[in-house]
Structure formats: structure tokens, C-alpha cells
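Whatever order the structure lists ligands and atoms in, that order sets their numbers, starting from 1. Since we're looking at a predicted model, the values are computed, not measured. Start at 1 with the first residue, then count along the sequence.
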Amino acid sequence: MRHLIKNIGTIAGILEDGSLRKEGAAMDAVGTLENAYLAIEDGLIATYGPSDEMPEENGFDTVTDAVGGFLLPSFCDSHSHVVYAGSRDGEFLDKINGLSYEDIARRGGGILNSADLLHNTSEEELYRQSLERVREVMRMGTGALEIKSGYGLTTGDELKMLRVIKRIKETVPVIIKATFLGAHDVGRAYRGRQADYVKLVCSEMIPAVAAEGLAEFVDVFCDQGFFTVEETAAIMEAGARYGMRPKIHANELAVSGGVQVGVSHNALSVDHLERTTQAEIEALKGSGTMPTMLPGASFFLGMPYGAAKDFIREGLGVALASDYNPGSSPSGNMRFVMALGCIKMKLTPNQALNACTLNTAYAMGISDTVGSITKGKKANLIITAPMPSLAYLPYSYQTPLIRKVIAGGKAID
Ligand code: NIG
Ligand code: FE
């Protein structure tokens with residue numbers, strides 16, 4: 001199957017130096033080529049070049065005219081909770097009326113509310129609702145998506161969520177990665193017995209998840225009012241025994257110590273980071289851990305935005321993901337995430353693009369196969385309307401500029 005994209009105004013996101021992530025000053029560099037074509041073979045980027053060197057069209061099965069638009073790598077969204085049942089619009093009203101995220105959680109709402117809804121929803125219906133969200137984000141240009149469990153909070157319901165993620169993975173043309181987040185909150189039956197719940201996560205849930213090969217990563221909500229640094233370490237160590245690499249929720253509600261314990265356990269990413277100090281930046285230096293910020297959650301909950309600029313100035317890379325979930329970020333629109341990166345976090349459009357593509361691909365362990373325009377990488381691509389610059393995409397953040405989305409070399413509808 002050969003697919004040619006012609007009349008590309010600008011290819012942006014070209015990377016041929018083999019780097020798996022961008023850090024520091026390199027975050028502001030985006031490789032570009034104007035007036036170009038790109039050829040896809042068997043779902044992979046075969047080659048690209050200037051239009052005047054374009055091969056004959058009749059050697060291709062499909063030809064797409066980009067009519068002068070930009071060609072970009074698809075967004076990679078390395079942090080989402082899109083498998084959930086129903087919604088939490090009732091709590092949205094509570095928030096409007098002044099309750100905080102933690103107030104709602106303390107009243108037994110929040111994550112536990114979603115766990116109750118999920119428990120009372122069949123696996124088939126959960127699959128149907130979740131697949132709809134995955135299709136929604138695919139249409140908005142997401143070409144790789146990490147999905148977490150964590151609204152089960154019993155062994156059976158966590159497995160139910162992860163089986164739904166597996167089915168989604170087998171259904172859609174984008175890359176799906178699964179993360180086990182049994183320690184998202186303490187399940188209702190264990191309220192007041194948090195230590196016993198952590199034991200359940202380590203000695204029953206993790207082995208059960210591993211036995212079915214349902215998750216590649218292990219996550220813990222390491223934050224004030226949720227799980228401690230010690231509990232997080234124990235869960236990461238249990239996960240490591242089954243080959244699960246950590247991706248940790250840290251520093252959303254308080255400076256939690258989650259960054260340091262994540263780095264010391266070789267976490268692939270530490271996520272949220274709305275509240276950090278210089279100590280977190282120092283801990284991350286020289287590590288393989290990608291600091292990942294979730295500006296959609298800052299926007300929705302009115303929290304501070306992560307200090308991405310400071311991290312980059314200190315030579316670190318930063319990734320931006322959606323956190324699509326019913327409680328703190330009911331949107332998986334990565335283009336909006338990119339715009340928030342620019343508007344609220346003062347990233348340049350180049351930095352924001354790298355943060356939403358290559359660096360999020362790194363935070364899923366797949367930046368060798370997606371996240372940039374690279375020969376041999378998967379052809380998961382976005383074609384935009386003609387734009388005067390890359391900056392126009394986050395600047396004109398509501399205009400429907402994404403004209404075509406390609407996943408595995410084929411256009412999706
Ligand atoms: O990443 N912070 C923890 N977990 C989610 C929120 C989950 C929820 O409220 O349902 C988050 O923001
Ligand atoms: Fe999250």
C-alpha cells in the first residue's frame with residue numbers, strides 16, 4: 001500500500017538525528033521543509049522531499065492533496081483516563097459553587113464516584129463509551145494515546161477496565177498504551193484501611209494484571225490526601241517485579257515527593273507537576289524521566305500551570321499531555337493543550353509542538369516509532385489548512401484548521 005501526499009506547504013517536525021526526546025535549547029528547534037511531498041509505504045514514512053523531486057503519482061495507490069497546508073506528526077497523548085463510565089457533571093456544579101477538587105474527594109465523590117459508576121456499567125457498555133472518546137481524540141489529531149485504569153479500585157473492576165483498553169487497542173489504528181493505576185484512590189471497601197489496600201494492589205492486583213499481560217506501566221496518585229511516597233515506592237517495586245515501568249502522578253495538590261521517588265525508581269515520566277520547587281528540577285537532571293505537565297487540568301481546576309519554562313531553561317525536556325478524565329480535565333483536545341502551553345505556560349510554538357509530539361512519545365516509550373517526521377516511523381500525521389506559520393495553530397486555537405488525520409498511513413474519517 002503506497003500513499004503519496006502532495007502539495008504540502010510546510011512539513012514541520014522533521015527529525016533525522018535519531019534523538020528520542022528533546023531537552024533544553026533543543027526543544028525550540030523544529031525541522032521544516034517547504035513545498036514538499038511525503039511518501040508512505042505500508043503505513044510507514046518512506047521518504048519526503050521538495051515537490052520538484054516528487055515521484056510519479058501513478059506509482060501510488062492513494063494520492064492526497066494537502067493543498068498547501070502544514071504536515072505535522074500526530075499528537076501523542078501520554079496521559080489519559082478515557083476509559084470511564086458516564087460523567088461527573090454534577091460535581092462540575094459543585095465546583096462552580098465553590099468546592100475544591102479535594103473537598104469533593106473528601107465527601108466520597110471524585111474518583112470514587114467514577115468507580116461506583118464504572119462498577120455498575122457492563123464491560124460492553126464501558127467499551128462503547130470509551131471507544132467513542134478515543135475516536136473523538138483521533139479526529140482531533142491524536143495518533144498515540146496512553147490510557148490508565150484506576151476507576152475500578154477492586155481487582156475485578158481494574159481488570160475490566162484494562163480489558164476494555166486491550167479491546168480498544170485491537171480496534172483502532174492509533175497506538176494505545178495501557179497503564180495500571182490501581183492506586184488512584186483507596187477502594188470503598190478499604191476506606192480507613194489504606195495499608196491493606198496497598199497490599200491488595202501489590203500482591204493481588206499487579207500479579208493478576210501481569211498474568212493477562214494487560215499493562216505495560218504502573219502508576220500511583222502520589223499526592224496529599226492520596227498515596228504516600230513510601231506506598232508509592234512499594235507499588236513501583238511490586239510493578240517492577242512484573243516488568244511494569246512507573247509513570248507517576250505527582251505534585252498536583254502539593255509538593256509530594258513523588259518526583260524524587262519516581263526518578264529513583266526509573267519512572268518513564270512524572271506527571272502533573274503543578275507544584276514544584278528547584279529540588280524537583282535538580283532531581284530530574286540526568287535522569288531518563290520525562291517531566292509531563294497537564295495544562296488542561298490546571299485550566300479546568302484553576303490550579304497553577306507547571307513551570308515548563310524553568311524546566312527547559314535548566315536543560316530539561318518537558319512533555320504536555322491532556323489528562324482527559326471526568327474529574328479534572330474533561331477534554332482530550334491536544335491542540336488545546338498545545339495552545340495552553342503557549343498562552344499560559346509561555347512556551348514557543350516550537351517548544352509546545354515538541355512537548356506534544358516527540359516528548360510525549362518518549363513518555364510512552366515509543367519515540368523510536370512515532371512523534372516526528374522521520375523516515376521509517378509510523379505515518380501518523382496531521383494535515384492542516386494553509387497557515388502562515390506554525391504559530392498560527394495555537395494562536396488561532398478554535399479555528400478548525402485540522403483538515404485530515406492519517407493513522408497507520410490511511411486517512412481516518
Ligand atoms: O490526573 N489526579 C488524579 N487523577 C486524575 C483525576 C481523576 C479524577 O478526578 O477522576 C488526574 O487529574
Ligand atoms: Fe491523571
Next item on the list: Report the relative orientation of the aromatic rings in His81 and Tyr151; use parallel for angles under 30°, tilted for 30 to 60°, perpendicular for over 60°.
Entry: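 Aromatic pair His81/Tyr151 classed tilted.
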Item checked: Asp65 bridged to Arg403 by N-O distance under 4.0 Å ->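 Arg403 and Asp65: not salt-bridged.
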Note to self: I'd like to know if Arg128 pairs up with Glu124 as an ion pair, taking the criterion as any Lys NZ or Arg NE/NH1/NH2 lying under 4.0 Å from an Asp or Glu carboxylate oxygen.
What the structure shows: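 So Arg128 does not pair with Glu124 through a salt bridge.
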Counting only heavy atoms not in [X], do more than 12 sit closer than 6.0 Å to its [atom1] atom?
| X | atom1 | answer |
| --- | --- | --- |
| Lys199 | NZ | no |
| Lys285 | NZ | yes |
| Lys166 | NZ | no |

Item checked: Pairs involving residues 224-248, ordered by first then second residue, that meet ring-ring contact (aromatic ring centres under 6.0 Å, His included) (sequence neighbours left out) ->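 For residues 224-248, and leaving out neighbouring residues, the ring-ring contact (aromatic ring centres under 6.0 Å, His included) pairs sorted by first residue read Phe221-Phe226.
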Any protein N or O within less than 3.5 Å of an N or O in ligand 1? List each pair with its distance, or say none.
residue  : atom   : partner : partner atom : Å
ligand 1 : 1 (O)  : His81   : NE2          : 3.3
ligand 1 : 1 (O)  : His249  : NE2          : 2.9
ligand 1 : 1 (O)  : His272  : NE2          : 2.8
ligand 1 : 1 (O)  : Asp323  : OD1          : 2.8
ligand 1 : 1 (O)  : Asp323  : OD2          : 2.9
ligand 1 : 2 (N)  : Glu252  : OE1          : 2.6
ligand 1 : 4 (N)  : His184  : NE2          : 2.7
ligand 1 : 9 (O)  : Arg88   : NH2          : 2.8
ligand 1 : 9 (O)  : Tyr101  : OH           : 2.6
ligand 1 : 10 (O) : Arg88   : NH1          : 2.9
ligand 1 : 10 (O) : Arg88   : NH2          : 3.2
ligand 1 : 10 (O) : Tyr151  : OH           : 2.6
ligand 1 : 12 (O) : His272  : NE2          : 3.3
ligand 1 : 12 (O) : Asp323  : OD2          : 2.8
ligand 1 : 12 (O) : Ser328  : OG           : 2.4

Next item on the list: Could you pull out the N/O/S protein atoms under 2.8 Å of the Fe ion (ligand 2), ignoring any water?
Entry: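 The answer, once waters are left aside, is His79 NE2, His81 NE2, His249 NE2, Asp323 OD1.
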Checklist line | Thr374 and Ile45, any side-chain heavy atoms less than 4.5 Å apart | finding: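 No; the side chains remain at least 4.5 Å from each other.
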Margin query: Just to verify, what does Ser149 make a side chain to side chain donor-acceptor pair (under 3.5 Å) with, not counting sequence neighbours?
Written below: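 Here the qualifying residues are Glu158.
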